[in-house]
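Here's the structure we're looking at; comments come further down.
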There are 2 protein chains.
Amino acid sequence: MSPARHESAVRELRRHAPIFAALGDETRLKLVKRLSGGSRVSIARLTQGSTLTRQAITKHLRVLQDAGLVRGVRRGREYLFGLEAEPLDDARRILDDISRQWDVALARLKSFVEG
Amino acid sequence: MSPARHESAVRELRRHAPIFAALGDETRLKLVKRLSGGSRVSIARLTQGSTLTRQAITKHLRVLQDAGLVRGVRRGREYLFGLEAEPLDDARRILDDISRQWDVALARLKSFVEG
DNA sequence: CTAATATGCAACCAGGAGGTTGCATATGAC
DNA sequence: GTCATATGCAACCTCCTGGTTGCATATTAG
């Protein structure tokens, strides 16, 4: 792996850590899951059924939006939030990379032990 | 989807949010990536090359360990840390589920628009 | 117009996160 | 045995997070 590639990997981690951080809260994870159904939902509706305040939900949505996981559009007096797939895919790719590297390492160890 | 299945999904989110939270820090993400190479590394060696203190790294490792992402074993005066694949796979599964649900929703929308 | 609804903004609060320093202790090397 | 190395523990600090309440504002409904 070239030095250039290694640097880009580090930059990649820096870019992606906030995505995981945004997902690292139960409330936000629930919101993401809810929005993965495809519909755009208002803050008021997202608050319904939660024990939290509307403002708390609003803050969580802002965190998700800052991480790019969600995007809100105004419609009349409402603000509708919908999922954004791209950062989710980025996060998946990171985890896949790590798991892949891990599997390779295990395979190498196994072949070393056996051979 | 039965109520029972829905409840288990909520419990699943509660269990998995801490994994994402643990990954949601650049330093910890770097540590995980480093350990995905397969070797067990001591705290001292993990600290080398970082601008942070050994104690800071130790704290991060503890967070990762609490999330189950990493496990440490004592060897002599050292404490060697290695990756644990299972929670990583759990996190991947969650992301896959969400992406899958999202794709289904998009497909449904598309077929609706197209007729 | 008036009332209800949906959101925005700001202040405030408690607790946790991330980091440091200092000192103690266990283990390995010579 | 002595010294260097690797780690543990505790106190402390600052800043951010997650949450609240209160009030202001915009928009839709009747």
Side-chain angles (χ1 to χ4, degrees), chain A residues 10 13-35 39-83 87, chain B residues 10 13-35 39-83 87:
Chain A
V10 168
L13 292 191
R14 188 177 340 264
R15 217 182 66 228
H16 291 333
I19 300 177
F20 288 115
L23 294 173
D25 176 280
E26 195 194 326
T27 303
R28 289 197 291 267
L29 208 44
K30 273 191 215 161
L31 287 171
V32 166
K33 183 135 194 174
R34 162 105 182 249
L35 292 179
S39 40
R40 303 195 153 174
V41 189
S42 74
I43 299 175
R45 271 184 74 203
L46 285 172
T47 303
Q48 307 234 339
S50 168
T51 90
L52 298 183
T53 324
R54 170 181 59 89
Q55 287 86 343
I57 300 291
T58 301
K59 281 193 186 179
H60 282 302
L61 286 169
R62 186 175 307 274
V63 172
L64 288 171
Q65 188 163 32
D66 288 348
L69 282 161
V70 122
R71 219 180 99 224
V73 293
R74 186 106 246 159
R75 201 180 60 184
R77 66 180 158 185
E78 297 182 313
Y79 211 95
L80 303 181
F81 281 89
L83 200 66
Chain B
V10 169
L13 292 191
R14 189 180 336 266
R15 217 182 67 229
H16 292 334
I19 300 176
F20 288 115
L23 294 173
D25 176 280
E26 196 193 325
T27 303
R28 289 196 291 266
L29 207 45
K30 273 191 217 162
L31 287 172
V32 165
K33 183 133 194 174
R34 162 104 183 250
L35 292 179
S39 39
R40 303 196 153 174
V41 189
S42 74
I43 298 175
R45 270 185 73 202
L46 285 173
T47 303
Q48 307 236 340
S50 168
T51 90
L52 298 183
T53 324
R54 169 181 59 87
Q55 287 86 340
I57 299 292
T58 300
K59 281 194 186 179
H60 282 302
L61 287 169
R62 187 175 305 274
V63 171
L64 287 171
Q65 188 163 33
D66 288 348
L69 282 162
V70 122
R71 221 180 97 224
V73 294
R74 184 118 232 168
R75 201 179 61 184
R77 66 180 157 182
E78 297 182 314
Y79 210 95
L80 302 183
F81 281 89
L83 200 66

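Below, read A as the first sequence line, B as the second, and so on, with proteins coming before strands; counting in each chain starts at 1.
Between B/Thr27 and B/Leu52, some side-chain heavy-atom pair lies under the 4.5 Å cut-off.
A/Ile19 and A/Leu69 get closest at one heavy-atom pair: O-CD1, 4.0 Å. A/Ala67 and A/Pro18 get closest at one heavy-atom pair: CB-O, 4.1 Å. Among all heavy-atom pairs drawn from A/Leu29 and B/His16, the shortest one is CD2-C, 4.5 Å. In this structure, B/Ala17 and A/Asp25 approach most closely via the heavy-atom pair CB-C, 3.9 Å.
For B/His60, a side-chain nitrogen or oxygen approaches OP1 or OP2 of C/dG19 to under 4.0 Å. An OP1 or OP2 oxygen of D/dG18 is reached within less than 4.0 angstrom by a side-chain nitrogen or oxygen of A/Arg28.
Between A/Thr51 and A/Arg54, it is A/Thr51 whose nearest contact on DNA chain D lies nearer the 5' terminus.
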Step by step, would you call B/Leu31 with B/Leu64 a side chain to side chain contact (heavy atoms under 4.5 Å, CB included)? CA-CA 9 Å; B/Leu31 287 172; B/Leu64 287 171; 4.0 Å; yes
B/Ser50/B/Ile57 under side chain to side chain contact (heavy atoms under 4.5 Å, CB included): CA gap, chis, key distance, verdict: CA-CA 9 Å; B/Ser50 168; B/Ile57 299 292; 3.9 Å; yes
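The stretch residues 73-80 of chain B touches DNA chain D through B/Arg74, B/Arg77, B/Glu78, B/Tyr79, each having a heavy atom under 4.0 angstrom from the strand. Contacts between residues 40-48 of chain A and DNA chain C, defined by a heavy-atom separation under 4.0 Å, are made by A/Ser42, A/Ile43, A/Ala44.
Among C/dG19, C/dG18, D/dT20, the nucleotide with an atom closest to any side-chain atom of B/Leu52 is C/dG19.
Taking only distance into account, the side chain of A/Gln55 never meets the base of D/dG18 through a donor-acceptor pair shorter than 3.5 Å.
Within the helix from C/dC1-D/dG30 to C/dC30-D/dG1, the inter-axis angle between the opening and closing five-pair segments is 30°, rounded to 10°.
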